[in-house]
Amino acid sequence: DGGITQSPKYLFRKEGQNVTLSCEQNLNHDAMYWYRQDPGQGLRLIYYSQIVNDFQKGDIAEGYSVSREKKESFPLTVTSAQKNPTAFYLCASSRGGPFNEQFFGPGTRLTVL
Amino acid sequence: AQSVSQHNHHVILSEAASLELGCNYSYGGTVNLFWYVQYPGQHLQLLLKYFSGDPLVKGIKGFEAEFIKSKFSFNLRKPSVQWSDTAEYFCAVNYQKAGTALIFGKGTTLSVSS
C-alpha cells in the first residue's frame, strides 16, 4: 500500500528536550514537506525538500531542523529552541514540480509538558 | 509576503443546503490552486485542483470551484450538502515562481446537521 507514514501518532516530551518526528513515504516522490497545524491557524510550512540532500526553510522554521539523506525519509527535529512546540505536525510529499498535488500523512500530535 | 484568506471560519448548514466557501489569495504571479478537506480523524485529502484551462473545476464528492483571475479568488461550491460533508476545508495556493510549497488558508469548519 503506497502512502506516507508518520510515527508516532502521539508524542509527549518534557520541556527542554529535543524530539524527532518520523516521516516516510513509499510513493517515490521527490519533494517532501513539514507543516504545523494549530487550531484556527491552518497549515504553516516549516521546511521542505525538493530533492535529496537539499531543503529550504518555510515560514516558521525557527526552532526546527530537518535532514533529507534518503528520498523516502524526511525527519523533523523539534528543538528546545522552539518556544511553543505543542502542535499537530503534518508531513506531505509530492512528485515535485509545480503541477503536482501534495499527499499528506496522518500526522503526529506533539505535546510538550 | 503571499497570503491566502478564507472568509468563513465556521459555517453551519442543514442537509440539502447549498454551500459556497470563499478563498482569496494575494497577487504573486502564476498560481496553482487547491482545495483540501480534513474529515474528522482522517488524513488531509485533495478535493480538487486548478492548474490551467477551464476555470470551473470539478472535484470529488460533487464539489466544484471557480477560479476568477481578476478577483484572485477560488471559491468552493456544492449545490446540496450532506451530513458526511462535515469537515474542515482548506484552500491552498502554489505560487509557481516560489517553487513547490503551498500556502494554506486558515481553514473553514463546515458543520452539516441532518
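Everything numeric here is computed off the predicted structure, so don't read it as measured data. Naming convention: chains lettered A, B, ... in sequence-line order (proteins, then strands); numbering from 1 in each chain.
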Exercise for the section: Side chain from CB out, backbone as N, CA, C, O: work out which of these in A/L45 comes under 4.5 Å of a heavy atom of chain B, or both, or neither. Expected result: side chain
Exercise for the section: Would you indicate whether A/R44, at its atom CZ, is surrounded by more than 12 heavy atoms from other residues, nucleotides or ligands within a distance under 6.0 Å? Expected result: yes
Handout entry: Where B/F90 and A/G42 come nearest, the two heavy atoms and their spacing
Key = CE2-CA, 3.6 Å
Completion exercise
Between B/H43 and A/P106, the two heavy atoms sitting closest are NE2-CB, 3.3 Å
Exercise for the section: Flag yes if A/Y35 and B/V4 sit in one hydrophobic cluster, no otherwise; membership is Ile, Leu, Val, Met, Phe, Trp, Tyr, and two members link when side-chain heavy atoms are under 4.5 Å apart. Expected result: no
Handout entry: Cluster link B/F51 to B/L76, ILVMFWY, side chain under 4.5 Å
Key = no
Exercise for the section: Evaluate the criterion side chain to side chain contact (heavy atoms under 4.5 Å, CB included) for residue pair B/T100 and A/Y33; output intermediate values, then yes/no. Expected result: CA-CA 10 Å; B/T100 62; A/Y33 313 82; 2.8 Å; yes
Problem - For A/Q37, all residues meeting side-chain hydrogen bond (donor to acceptor under 3.5 Å, both in side chains), sequence neighbours excluded - result: B/Q38
Practice task
For the pair B/Q45 and A/F104, evaluate side chain to side chain contact (heavy atoms under 4.5 Å, CB included) and give the outcome as yes or no after the intermediate values.
Solution key: CA-CA 7 Å; B/Q45 59 185 279; A/F104 285 81; over 6 Å; no
Fill in the blank from the handout: Among residues 102-114 of chain B, those lying within the under-4.5 Å heavy-atom range of chain A are B/L102, B/F104, B/G105, B/K106
Practice task
Would you kindly confirm whether B/V57 and B/Y36 end up in one hydrophobic cluster when ILVMFWY residues are joined by side chain heavy atoms under 4.5 Å apart?
Solution key: no
Exercise for the section: Measure B/Y95 against the heavy atoms of chain A and call it side chain, backbone, both or neither at under 4.5 Å. Expected result: neither
Handout entry: Crowding at CG, B/L56 (>12 non-hydrogen neighbours, <6.0 Å)
Key = yes
Problem - Verify same cluster id: A/M32, A/F103 (apolar side-chain graph, 4.5 Å) - result: no
Practice task
Group every Ile, Leu, Val, Met, Phe, Trp and Tyr by side-chain heavy-atom contacts under 4.5 Å, then state whether B/I60 and B/W83 land in the same group.
Solution key: no
Fill in the blank from the handout: Cut-off 4.5 Å, heavy atoms of chain B, and the answer for A/Q102 is both
Completion exercise
The interface call for B/E88 against chain A, heavy-atom contacts under 4.5 Å, is side chain
Exercise for the section: Against chain A, label B/L46 side chain, backbone, both or neither, depending on which of its atoms sit under 4.5 Å from a heavy atom there. Expected result: side chain
